[in-house]
Amino acid sequence: MLRAALLTASRNRTVRRIVETAPVSRDVVRRFVAGTSVADAVAVTATLAGDGLRISLDHLGEDTTEAGHADATTRAYVTLLQQLAAHELATVAEVSVKLSAVGQALDVSMARDNAATICAAAAEAGTTVTLDMEDHTTTDSTLSTLHELRAEFPWVGAVIQAYLHRSVDDCRELATAGSRVRLCKGAYKEPASVAYQSRLDVDRSYVRCLRVLIEGDGYPMVATHDPRLIAIAEKLIVEAGRAHDSYEFQMLYGIRPKEQQRIASTGARMRVYVPYGDEWYGYLMRRLAERPANVAFFMRALATKG
Ligand code: FDA
């Protein structure tokens, strides 16, 4: 119930205005978001890199409805990638891009061209790009853009959401040599016609997808904070005889940092997804929806400071 309400709120303009202007919001947001500027993003990246972690940076923003906004987001990514290279962080830090932030809802070819501009900047900097996955109405379009981009930039990463019924088939198609695939549970409110609704069913689907990716020829990126799924992934990786440089774990900034350190200390690659920028509302609401304790944290902060 709470999860559904928060995910609905994540797309509600009135709730958005209230939360964005609440006096404490920015403090609370800092737990999950690196800051608003490129300098903030670079500083957090340098700290995480110093701790032996890898990073994927997300310039916050989604559901862009104006071409000018899509252009501005594209330019922000290019600037970020130049800054990562200038600070010698591009070997450990890549970027994650939402196609909706670079114009997917306006014109798919515009979004593809903007994503290609970001990929060219990543190639110049010496790093990679992963295309985030959004709600199920965009899955086919995002996967076809991925295939178009991979013709020129074969290292572009895909994201598969285990909660979708289709995902195990998508994993089979994507588990090919050199193919970087992030597997997550899925963060949007989806109907039962396309997505598993219970935690148990989502977790079972996650394990089926994990098996396909880890036993396949690609580069699996295991994105979860779930201790059981991490343990299963570690076991499957050992059974498949995978070397540490042939897969990675991924978690979100601010969530289970000790576990991030533990995984890195095993010699495995551990990448932290670090969002930054002004448009944190949708991202924050999805994080709150994932965990009641996060909502309690937010409410406590509102009660004490608001
Ligand atoms: P879940 O939320 O079920 O949590 C499982 C367990 O993890 C909890 O029971 C608890 O034990 C532990 N845990 C979780 N949060 C904790 C906390 N704050 N403190 C302590 N323990 C905690 N989604 C999407 O739709 N498209 C995308 O492109 C991406 N991209 C993405 C990248 C990366 C790197 C990650 C990690 C995640 C995404 N996601 C995503 C989000 C993803 O789909 C999902 O919503 C969240 O990762 C939460 O799911 P978990 O797998 O962590 O399990």
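Each residue takes its place number in the sequence, starting with 1. Just so it is clear, the values below take in all heavy atoms, side chains as well, and ignore hydrogens, waters and symmetry mates. Indexing begins at 1, ligand by ligand and atom by atom, following the structure's order. Note that the structure is a prediction, hence the values are computed from the model and not measured.
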Exercise for review: Supply the members, apart from Met221, of the Ile/Leu/Val/Met/Phe/Trp/Tyr cluster built from side-chain contacts under 4.5 Å; use none for a lone residue.
Suggested key: Tyr219
Exercise for review: Would you mind listing the cluster partners of Val78? Hydrophobic ones only (ILVMFWY), side-chain contacts under 4.5 Å, chaining allowed.
Suggested key: none
Exercise for review: For Ser96 and Ser56, indicate whether the former's side chain and the latter's backbone hold a donor-acceptor pair under 3.5 Å.
Suggested key: no
Exercise for review: Carefully, step by step, assess Thr224 and Asp226 under the rule side chain to side chain donor-acceptor pair (under 3.5 Å).
Suggested key: CA-CA 5 Å; Thr224 182; Asp226 192 326; 5.0 Å; no
Review point. Which residue pairs pass the salt bridge (charged side-chain N to carboxylate O under 4.0 Å, His left out) test when at least one of the two sits in residues 84-98, sequence neighbours left out?
Key: Asp58-Lys98, Glu94-Arg180, Lys98-Asp132
Every pair of nitrogen or oxygen atoms between ligand 1 and the protein that is under 3.5 angstrom apart - can you list them with their distances to 0.1 Å?
residue  : atom   : partner : partner atom : Å
ligand 1 : 3 (O)  : Lys185  : NZ           : 2.8
ligand 1 : 3 (O)  : Arg199  : NH1          : 2.7
ligand 1 : 7 (O)  : His225  : O            : 3.1
ligand 1 : 19 (N) : Arg291  : NH1          : 3.4
ligand 1 : 25 (O) : Gln161  : NE2          : 2.9
ligand 1 : 25 (O) : Ala187  : N            : 3.0
ligand 1 : 26 (N) : Met133  : O            : 2.8
ligand 1 : 28 (O) : Met133  : N            : 3.0
ligand 1 : 30 (N) : Arg182  : NH1          : 3.1
ligand 1 : 43 (O) : Gly186  : N            : 2.6
ligand 1 : 45 (O) : Glu290  : OE2          : 2.6
ligand 1 : 51 (O) : Thr224  : OG1          : 2.6
ligand 1 : 52 (O) : His225  : N            : 2.9
ligand 1 : 52 (O) : His225  : ND1          : 2.6
ligand 1 : 53 (O) : Lys185  : NZ           : 3.1

**Study point:** Pairing of Asp169 and Arg166 as salt bridge, 4.0 angstrom limit
**Key:** no
